[in-house]
Amino acid sequence: MTIHAKTALLGSDWVSNLRVEIHGGRITALNPGSKPVPDDTCVDVLLPALANLHSHAFQRAMAGMTEIRAAGRESFWTWRTLMYRFLDRLTPDQIEAIAALVFMEMQEAGYASVGEFHYVHHQPGGAPYANLSELSQRIFAAASHSGIGLTHLPVLYTYGGVTQEPLAGGQLRFGNDVDRFLRLVEDCKSRLPHSDSNIGIAPHSLRATSPDDLRQVVDQVPEGPVHIHISEQVQEVTDVEAALGQRPVAWLLDNIKVDARWCLIHATHMTDDETRTLARSGAVAGLCPITEANLGDGIFNGAVYIEEGGAFGVGSDSNIRISLPEELRTLEYSQRLRDRARTVLVRGEGSVGQTLYSGAAQGGAQALGRGAGQIAIGQLADLVAIDRAHQTLCTLRDDQLLDGLCFAAPDGIVTDLWSAGRHQVQAGQHIARDAILTAYKSAMSDLLAGI
Ligand SMILES: [Zn+2]
């Protein structure tokens with residue numbers, strides 16, 4: 001398979017007339033200054049496609065249903081209540097159909113891969129399915145339908161709070177002790193959907209695991225990504241500090257060997273010291289700016305983190321809205337609003353759009369353990385093409401394109417997308433859009449009829 005791009009981002013340089021050869025899902029040759037030949041797929045601007053490093057696919061089904069205020073209730077309540085009502089009913093078929101829609105939307109938005117932080121494992125009430133990995137397999141089926149690159153992250157969720165309260169209600173579907181969790185991970189390994197798929201582990205948070213359990217699973221699974229929710233809300237910081245004697249990020253960095261395998265999801269509330277230590281650890285900060293804004297979590301300590309050279313990537317988390325440019329733009333704009341300044345997330349000088357895009361491409365790939373994140377020989381062909389003829393981009397120089405993409409262009413500017421060489425988005429639409437959308441609508445009408 002070959003692609004010809006009029007303009008492409010190679011490392012941090014823009015090149016013209018690049019011909020890309022792909023075999024077995026990987027880039028095998030790159031020839032700038034080439035003429036297109038008849039079998040080439042011809043595109044305007046070719047970029048490395050991002051990894052969406054954090055998703056709970058099923059939550060997409062709630063988008064737009066929880067933006068109401070209930071008298072006398074704290075603000076998180078409407079969201080959490082509906083999530084638990086969904087959890088009382090969601091069937092394996094519905095989970096598969098919702099995930100396929102989410103993965104398709106991600107690819108149309110420019111994400112070639114996803115880290116699915118998968119925590120619904122069991123039947124309503126908590127009994128395991130006959131097949132322990134039933135719901136993981138439904139995620140695999142959804143990734144097969146959409147062709148997205150998958151890093152599956154089964155979640156260890158054992159307790160209902162930081163002082164090891166038992167699980168209750170909707171949480172019963174999440175629960176595993178360490179032994180059953182390790183069996184689940186092992187069971188998933190042989191069933192992954194594509195040869196470029198990957199598996200990691202996700203101890204849910206310091207609230208839902210104990211220090212001993214956390215150490216045990218990290219020791220027992222010595223390779224692959226490790227993701228954890230950390231320091232998302234102020235209440236969480238207070239609770240962890242009361243139980244463990246330190247703030248969540250400080251406790252994790254002092255007590256567990258956090259390195260380049262790790263991705264700390266949210267890492268929203270950090271002191272400057274925590275921020276610098278995390279940046280130096282080699283781990284990735286997994287930021288979910290749209291969801292963090294939607295849930296009112298707070299603002300990442302981005303200026304200090306970027307100054308220290310910290311790795312980062314982005315994820316769509318609750319999937320309230322799946323828009324790659326908006327994710328990056330919200331990250332930068334939250335910093336500007338807090339600091340009353342412009343162009344915050346750049347180290348030294350340069351383009352904000354290129355810093356955000358290239359940083360998130362490389363950090364996202366690292367977080368998913370995926371050989372991708374730049375257009376280079378030997379990397380997976382996770383590639384995206386955008387429409388330079390659009391009025392928001394047509395007047396820009398090459399070195400302004402990513403600023404245009406992040407700050408000025410509408411969604412829907414993606415023309416083509418490849419996940420490990422699978423050409424899943426063509427002429428702006430996913431090739432399985434009709435079938436995926438039909439299955440989603442049918443699953444949702446069944447689900448909502450019961451609520
Ligand atoms: Zn999350």
Side-chain angles (χ1 to χ4, degrees), residues 50-63 66 75-76 79-80 82-84 86-87 90 95 98-99 102-103 105-106 111 113-121 135-136 139 150-162 167 170-171 173-175 200-209 214 225-237 239-240 248-249 252 262-270 283-300 312-323 327 330-331 360 363-364 367-368:
L50 264 63
N52 185 330
L53 59 65
H54 189 67
S55 160
H56 312 290
F58 80 91
Q59 292 181 6
R60 178 72 176 94
M62 298 160 53
T66 65
S75 59
F76 200 52
W79 186 87
R80 193 178 46 199
L82 185 63
M83 183 178 78
Y84 285 133
F86 271 32
L87 285 170
L90 272 171
I95 285 173
I98 296 165
V102 169
F103 297 162
E105 289 189 314
M106 289 176 182
Y111 294 109
S113 61
V114 60
E116 180 63 20
F117 196 104
H118 174 75
Y119 62 99
V120 185
H121 299 300
L135 295 184
S136 287
I139 298 297
L150 177 71
T151 292
H152 192 56
L153 298 160
V155 171
L156 174 67
Y157 197 118
T158 312
Y159 306 106
V162 73
L167 300 181
Q171 296 172 330
R173 296 193 78 175
F174 314 156
I201 55 168
H204 179 272
S205 58
L206 297 181
R207 290 172 281 132
T209 55
L214 178 57
V226 185
H227 289 218
I228 188 168
H229 285 130
I230 200 108
S231 213
E232 180 177 5
Q233 301 220 330
V234 171
Q235 187 63 48
E236 177 181 14
V237 177
D239 291 350
V240 168
V249 173
L252 192 75
W262 282 76
C263 179
L264 275 63
I265 303 299
H266 303 305
T268 306
H269 299 286
M270 293 194 289
V284 176
L287 309 173
C288 308
I290 295 175
T291 296
E292 288 157 10
N294 183 264
L295 295 178
D297 288 344
I299 300 175
F300 178 63
F312 67 94
V314 293
S316 55
D317 192 5
S318 69
N319 297 307
I320 174 74
R321 177 163 161 71
I322 298 170
S323 165
E327 210 69 77
T330 304
L331 174 58
L368 297 199

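Indexing begins at 1, ligand by ligand and atom by atom, following the structure's order.
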Exercise for review: Determine, step by step, whether Phe117 and His229 satisfy the ring pair (Phe, Tyr, Trp, His ring centres under 6.0 Å) criterion, reporting the C-alpha distance in whole Å, the side-chain angles of both residues, the deciding distance to 0.1 Å, and the verdict.
Suggested key: CA-CA 10 Å; Phe117 196 104; His229 285 130; 4.4 Å; yes
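Side-chain contact, Glu116 with Ser55: a donor N or O sits under 3.5 Å from an acceptor N or O.
Listed by chain and residue number, the protein N/O/S atoms under 2.8 Å of the Zn ion (ligand 1) are His54 NE2, His56 NE2, His229 NE2, Asp317 OD1, with waters left out.
In this view, Thr209 satisfies the side chain to side chain donor-acceptor pair (under 3.5 Å) rule with no residue, not counting sequence neighbours.
The aromatic rings of His152 and His118 sit tilted relative to each other, their planes meeting at an angle between 30° and 60°.
Inter-residue side-chain proximity for His266 and Asp317 is flagged as met; some heavy-atom pair is nearer than 4.5 Å.
Scanning both residues, Phe174 and Leu87, for their nearest heavy atoms gives CZ-CD1, 3.5 Å.
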